*Asks:* 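Here it is, the structure, as structure tokens.
Every heavy atom of this structure was used, including side-chain atoms; hydrogens, water molecules and symmetry mates were not. Just so it is clear, the structure is predicted and the values come from calculations on it, not from any experiment. First the proteins, then the strands, lettered A, B, ... as listed; each starts at 1.
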2 protein chains.
Amino acid sequence: MALRRDAQRNRERILSAAHEVFAARGFAATLDDVAHHAGVGVGTVYRRFPTKEELIEAVFTDRLEDLVTLAEEALAAPSAWEGLTGFLRTSARWHAADRGLRDAALSMDEQHFTTASEQIVPLLEQIMERAHAEGTLRADAGFHDFPIIMAMVTELAQHSADCRPGLYERYLELVIDGLRARPDNGSLGHAPTDTDIRAVMRQCVPPLRPSRT
Amino acid sequence: MALRRDAQRNRERILSAAHEVFAARGFAATLDDVAHHAGVGVGTVYRRFPTKEELIEAVFTDRLEDLVTLAEEALAAPSAWEGLTGFLRTSARWHAADRGLRDAALSMDEQHFTTASEQIVPLLEQIMERAHAEGTLRADAGFHDFPIIMAMVTELAQHSADCRPGLYERYLELVIDGLRARPDNGSLGHAPTDTDIRAVMRQCVPPLRPSRT
DNA sequence: GCAGAAGTTGAGGAATCCCCTCCACTTAGT
DNA sequence: ACTAAGTGGAGGGGATTCCTCAACTTCTGC
């Protein structure tokens with residue numbers, strides 16, 4: 001059953017407003033905000049998207065897939081190092097510019113996470129392997145470091161978004177220089193496990209709903 | 001006018017409980033928590049420390065001064081590089097182990113900030129200068145990077161505190177390797193200004209009180 | 001036009017959270 | 001034993017946010 005024409009138009013307004021509002025304030029933004037931004041009442045938002053989660057999914061599914069495409073492109077870069085650092089820089093820029101995207105990437109539930117992982121983890125592994133083979137990436141860094149580095153740098157990006165949007169880039173460059181293979185690098189110790197990564201990711205995003213402690 | 005003996009004992013219990021509770025959960029911990037932990041009623045806490053701020057100040061003033069001492073010791077290290085990295089590692093360890101200390105360091109009001117800055121900024125400058133002179137620190141890193149690096153790394157430390165307390169060390173080492181002077185380092189771009197640093201610091205700690213937006 | 005289905009609205013219900021107050025009650029100390 | 005000091009903890013007050021609902025408006029097919 002197709003939507004009435006005005007309802008369809010409102011649906012699109014809501015999606016577009018949600019994208020804007022979430023981009024600026026992350027999932028902490030309220031649906032009242034989204035409604036106001038879209039020029040409709042809250043009730044309309046809830047009629048179209050019964051829960052906040054469903055609205056979020058409708059807004060960010062595509063954007064998350066763009067990240068997979070980005071990883072694929074990184075593998076096709078002229079050199080492994082360019083591919084690796086290009087992926088870090090571009091995905092950091094995307095996450096910095098769209099807090100909602102970051103929150104979406106970090107707060108996926110188990111099901112979404114599994115699906116996404118199956119797509120992107122093999123790509124990250126290949127990106128890292130290729131750089132190891134090239135000899136440009138330090139041997140003790142692995143693909144497990146990707147999500148943690150991203151979480152760390154983009155968190156800084158959020159904190160400085162209002163005063164100086166590009167500040168995070170400086171510290172990403174610092175980390176990138178730390179990732180280069182060097183004869184006299186220090187040692188990094190144990191890499192994070194998948195469990196660690198999941199736990200850190202969860203900690204990086206505030207719960208959608210008042211926490212049940 | 002001296003406190004009654006039981007009141008004195010309770011005051012100490014409160015301070016010690018506050019330290020524990022803030023160390024574990026940061027300033028987000030409630031005074032009800034502190035009271036419960038101390039085995040006293042909330043009323044007792046408020047009788048001794050009229051506001052949350054005053055309790056925090058009573059608990060953390062000394063610990064903040066320890067950081068100044070640490071910076072002084074860093075200047076006396078055998079090499080500039082050892083001093084610099086030792087200071088980063090130790091202060092990161094302190095902040096990682098005591099979330100309250102981190103919150104205190106990041107959320108000082110203007111008055112405390114000014115006082116503290118006057119003490120520690122000259123030390124950080126000297127630590128950095130010494131390392132520049134030694135030739136071990138990359139030329140485009142400055143003392144302004146200290147607080148940002150600390151904020152970034154200790155935030156990760158908080159996020160992984162429950163699952164893997166030492167995880168942050170790996171990424172601190174990565175950053176430290178990125179700080180080394182190298183012929184082929186990338187360039188870092190603009191250093192943060194004092195204003196940027198203050199803004200990022202504020203963003204790193206949730207407001208003590210419900211925000212007035 | 002018009003009937004009725006579909007859609008809209010926004011105040012407010014319900015749940016949480018947390019700082020802090022208040023006052024009936026207890027205890028230390030002379 | 002008396003009094004001043006101290007204590008406890010329910011609850012006031014203010015904030016936040018998700019979501020509902022009943023009265024109202026607009027679209028659409030006939």
Side-chain angles (χ1 to χ4, degrees), chain A residues 1-18 21-22 24-59 99-100 103 107 109 205-213, chain B residues 1-18 21-22 24-59 99-100 103 107 109 205-213:
Chain A
M1 181 61 185
L3 288 174
R4 233 165 64 178
R5 196 164 311 147
D6 57 339
Q8 180 60 36
R9 194 198 52 209
N10 278 342
R11 205 189 110 98
E12 271 150 30
R13 275 194 195 166
I14 290 167
L15 282 173
S16 144
V21 169
F22 286 141
R25 315 214 289 113
F27 292 174
T30 69
L31 292 207
D32 288 57
D33 271 337
V34 172
H36 199 75
H37 230 73
V40 303
V42 224
T44 305
V45 175
Y46 282 97
R47 163 170 270 262
R48 237 21 98 206
F49 305 96
T51 65
K52 199 176 185 178
E53 284 85 346
E54 286 178 64
L55 175 57
I56 286 170
E57 183 157 351
V59 173
R99 180 163 195 158
D103 286 356
S107 68
D109 60 34
V205 200
L208 225 51
R209 218 168 294 285
S211 61
R212 53 290 177 199
T213 309
Chain B
M1 180 60 182
L3 289 175
R4 237 165 62 175
R5 196 166 311 146
D6 56 337
Q8 179 61 37
R9 195 198 52 207
N10 277 343
R11 205 190 111 98
E12 271 149 30
R13 275 194 195 167
I14 290 167
L15 282 172
S16 144
V21 169
F22 286 140
R25 315 214 287 111
F27 292 172
T30 69
L31 292 206
D32 288 57
D33 270 338
V34 172
H36 199 76
H37 230 74
V40 303
V42 225
T44 305
V45 175
Y46 281 96
R47 163 169 272 262
R48 241 15 104 204
F49 304 96
T51 65
K52 197 176 186 180
E53 284 85 346
E54 285 178 64
L55 174 57
I56 286 170
E57 182 157 353
V59 173
R99 180 164 193 155
D103 286 357
S107 68
D109 59 35
V205 201
L208 226 51
R209 219 167 293 287
S211 60
R212 51 289 175 203
T213 309

*Asks:* When you match B:V40 and B:R4 each to their closest nucleotide on DNA chain D, which lands nearer the 5' end?
*Replies:* B:R4

*Asks:* CZ of B:F22 to NE2 of B:H37: how many Å apart, nearest 0.5 Å?
*Replies:* 11.5 Å

*Asks:* Hey, does the side chain of B:S16 reach the backbone of B:E12 with a donor-acceptor pair shorter than 3.5 angstrom?
*Replies:*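 No; zero donor-acceptor contacts below 3.5 Å.
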
*Asks:* If you only use heavy atoms from C-beta on, which nucleotide in C:dT9, C:dC20, D:dT28 is closest to the side chain of A:R5?
*Replies:* D:dT28

*Asks:* What's the NZ-P distance between A:K52 and D:dC18, to the nearest Å?
*Replies:*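 Atom-to-atom, A:K52 to D:dC18, this comes out as 4 Å.
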
*Asks:* In whole angstrom, give the distance that lies between atom CG of A:D32 and atom C1' of C:dG13.
*Replies:* 13 Å

*Asks:* So which one's nearest nucleotide on DNA chain C is more toward 5', B:E53 or A:G41?
*Replies:*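 Going by which nucleotide is closer to the 5' end, it is A:G41.
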
*Asks:* Quick one: which of D:dC18, C:dC20, C:dT9 gets closest to the side chain of A:T44?
*Replies:* C:dT9

*Asks:* Whole-Å distance between C:dT8 P and A:R13 CZ?
*Replies:* 10 Å

*Asks:* To the nearest 0.5 Å, tell me how far B:T30 OG1 sits from B:R25 CZ.
*Replies:* 6.5 Å

*Asks:* Out of curiosity, B:R4 CZ to B:R11 CZ, how far, rounded to the nearest 0.5 Å?
*Replies:*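 Reported to 0.5 Å precision, the distance equals 16.0 Å.
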
*Asks:* Once you round it to whole Å, what is the distance between C1' of D:dT28 and CG of A:L3?
*Replies:* 14 Å

*Asks:* Please figure out whether B:F27 or B:D6 has its closest DNA chain C nucleotide nearer the 5' end.
*Replies:*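 Upstream on the strand: B:F27.
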
*Asks:* Side-chain donor or acceptor of B:R47 under 3.5 Å from a matching atom on the base of D:dT7?
*Replies:* no

*Asks:* For a quick test of reading the model, state the closest non-hydrogen atom pair linking B:A7 to B:R48 and the distance between them.
*Replies:*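 It is CB-NH2, 3.5 Å.
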
*Asks:* To the nearest Å, how far apart are A:L31 CG and D:dT20 P?
*Replies:*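 The distance from CG of A:L31 to P of D:dT20 comes to 11 Å, rounded to the nearest Å.
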
*Asks:* Please report, rounded to the nearest Å, how far the P atom of D:dC18 is from the CD1 atom of A:I56.
*Replies:*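 Value for this atom pair: 9 Å.
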
*Asks:* In whole angstrom, give the distance that lies between atom OH of A:Y46 and atom P of D:dC19.
*Replies:*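 Result: 4 Å.
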
*Asks:* Of the options C:dT8, D:dT20, D:dT7, whose atoms approach the side-chain atoms of B:R48 most closely?
*Replies:*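 Between C:dT8, D:dT20, D:dT7, the one nearest the side chain of B:R48 would be D:dT7.
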
*Asks:* Has A:N10 got a side-chain N or O lying under 4.0 Å from the OP1 or OP2 atom of C:dG7?
*Replies:* no

*Asks:* Please pick, from C:dC18, C:dT21, D:dC18, the nucleotide with the shortest atom-to-atom distance to any side-chain atom of A:T30.
*Replies:*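 When the side chain of A:T30 is considered, D:dC18 is the closest of C:dC18, C:dT21, D:dC18.
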
*Asks:* Tell me: CZ of B:R25 to C1' of C:dC18, nearest whole Å?
*Replies:* 11 Å

